[in-house]
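Accompanying notes for the structure given below.
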Amino acid sequence: MTGETVAKVAPALPIEVDSETGVWTSDALPMLYVPRHFFINNHQAIEEELGPERYAEILYKAGYKSAWHWCEKEAQLHGLEGVDVFEHYMKRLSQRGWGLFITEEMDLEGGYCKVRLEHSAFVYHYGKVNRKIEYMFTGWFAGAMDQILSSLGSPLRTEAEQIQSAAEDGHEVGYFITRPLAQSV
């Protein structure tokens, strides 16, 4: 990067701060603004106590519920449906500093998608630890997909999995997939 100029830009998502309460709002939802190290240090402390497998289970359920709620509110606010809701979600996640989320494949009717993650906030903090560390995001993809499917009247439900992390040796990006739950096929 020697000699290159890196452009700094203002946030691309709408942020409003209530002058009386200090509450931050983006689009239709209240937000918190915290330093990345604060959040990830808390994440690591909980992971150390519970173990990554148990913590991943808890985060999957919470992330699923949160993504469903977010997609529902954002779809209503912006008049979005179907794949447009998912793409809006990926855009907003990317704009919030978690990393850059790129939808590589999408089959809404089949409940399948593949999302690439570049510039992961977790990888920036953890480095190369040779394991999948972005499990916090996994439930987000299934929750978003299922909310969209439900809004379209589909009974299909999905599950998500992280299949690769940039924190693993030999990989420079992360990947997540969703696929139909066995009982909903």
Side-chain angles (χ1 to χ4, degrees), residues 5-50 52 54-103 108 113 115-127 133-153 157-158 160 162 174 176 178:
T5 303
V6 176
K8 303 280 183 172
V9 297
L13 68 158
I15 299 170
E16 295 177 357
V17 182
D18 185 302
S19 62
E20 291 184 25
T21 64
V23 172
W24 287 50
T25 305
S26 285
D27 294 325
L29 298 170
M31 306 295 290
L32 298 175
Y33 182 63
V34 298
R36 181 172 66 200
H37 74 274
F38 171 82
F39 180 86
I40 295 180
N41 285 339
N42 279 277
H43 176 86
Q44 285 179 308
I46 297 167
E47 182 182 72
E48 288 172 12
E49 287 296 315
L50 298 177
R54 178 66 184 126
Y55 191 35
E57 291 172 15
I58 294 167
L59 288 175
Y60 188 97
K61 292 174 188 173
Y64 179 99
K65 180 180 178 180
S66 295
W68 183 297
H69 179 76
W70 190 95
C71 289
E72 188 173 57
K73 295 297 181 190
E74 287 292 295
Q76 290 169 359
L77 178 69
H78 297 291
L80 302 171
E81 66 178 35
V83 174
D84 291 339
V85 177
F86 195 86
E87 287 304 325
H88 180 63
Y89 189 41
M90 295 304 102
K91 177 181 174 182
R92 286 296 195 247
L93 291 176
S94 297
Q95 290 172 329
R96 288 193 179 115
W98 294 108
L100 297 180
F101 294 86
I102 298 108
T103 306
L108 194 55
C113 76
V115 176
R116 183 176 75 240
L117 172 58
E118 299 177 356
H119 304 286
S120 164
F122 285 96
V123 174
Y124 282 156
H125 193 86
Y126 279 69
I133 58 173
E134 296 98 345
Y135 52 83
M136 180 180 158
F137 304 146
T138 308
W140 298 3
F141 301 110
M145 182 71 84
D146 288 1
Q147 188 283 322
I148 295 162
L149 289 167
S150 176
S151 74
L152 297 173
R157 294 299 174 262
T158 64
Q162 182 175 17
F176 298 83
T178 65

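Tyr135 and Glu47 share a donor-acceptor pair across their side chains, judged by distance under 3.5 Å alone. Counted by atom type alone, Ser151 and Glu81 present zero donor-acceptor pairs between their side chains at under 3.5 Å.
Distance NZ/Lys91 to CG/Leu100: 13.5 Å, rounded to 0.5 Å. With values rounded to the nearest 0.5 angstrom, Ile133 atom CD1 is found 8.0 Å from Ile40 atom CD1. The CD atom of Glu118 sits 4.0 Å away from atom CD1 of Ile102, with the distance rounded to the nearest 0.5 Å. Distance check, rounded to the nearest 0.5 Å: CZ of Phe86 to OG1 of Thr103 gives 5.0 Å. Distance CD1/Ile46 to CZ/Arg54: 12.5 Å, rounded to 0.5 Å.
Within the 4.5 Å cutoff, the side chain of Trp140 has heavy atoms near those of the Tyr89 side chain. Looking at heavy atoms from C-beta onward, His125 lies in side-chain contact with Asn41 at the 4.5 angstrom threshold. By the 4.5 Å heavy-atom criterion applied to side chains, Glu74 and Leu80 are not counted as neighbours. With a 4.5 Å cut-off on side-chain heavy atoms, Val123 and Glu134 count as touching. The shortest distance between side-chain heavy atoms of Leu152 and Leu108 falls below 4.5 Å. Residues Asp27 and Arg92 form a side-chain contact, since some pair of their non-hydrogen atoms from C-beta on lies under 4.5 Å apart. Here the side chains of Leu149 and Arg157 are in contact, with some heavy-atom distance below 4.5 Å.
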#### Entry: CA sep, side-chain torsions, deciding dist, call: Met90, Phe141, side chain to side chain contact (heavy atoms under 4.5 Å, CB included)
CA-CA 9 Å; Met90 295 304 102; Phe141 301 110; 3.7 Å; yes

### Message
One pair to check against side chain to side chain contact (heavy atoms under 4.5 Å, CB included): His88 and Asp84. What are the steps and the verdict?
### Response
CA-CA 6 Å; His88 180 63; Asp84 291 339; over 6 Å; no

Could you list the donor-acceptor pairs under 3.5 angstrom formed by side chains in residues 19-26, with sequence neighbours left out?
from  : atom 1 : to    : atom 2 : distance (Å)
Thr21 : OG1    : Asp18 : OD1    : 3.4
Thr21 : OG1    : Val23 : N      : 3.2
Ser26 : OG     : Pro14 : O      : 2.8

Review item, side-chain donor-acceptor pairs of residues 63-72, under 3.5 Å, at least two apart:
from  : atom 1 : to     : atom 2 : distance (Å)
Tyr64 : OH     : Asp146 : OD2    : 2.6
Ser66 : OG     : Ala62  : O      : 3.0

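By the neighbour-count criterion of 12 heavy atoms within 6.0 Å, atom CD of Glu16 is sparsely surrounded, having that number or fewer from other residues, nucleotides or ligands.
Classified by interplanar angle (parallel below 30°, tilted 30° to 60°, perpendicular above 60°), the ring pair His43/Tyr126 is perpendicular. A perpendicular orientation is assigned to the rings of Trp98 and Phe137, their planes being inclined by more than 60° (bins at 30° and 60°).
No donor-acceptor distance shorter than 3.5 angstrom exists from the side chain of Thr178 to the backbone of Ala142, with no hydrogens or angles considered.
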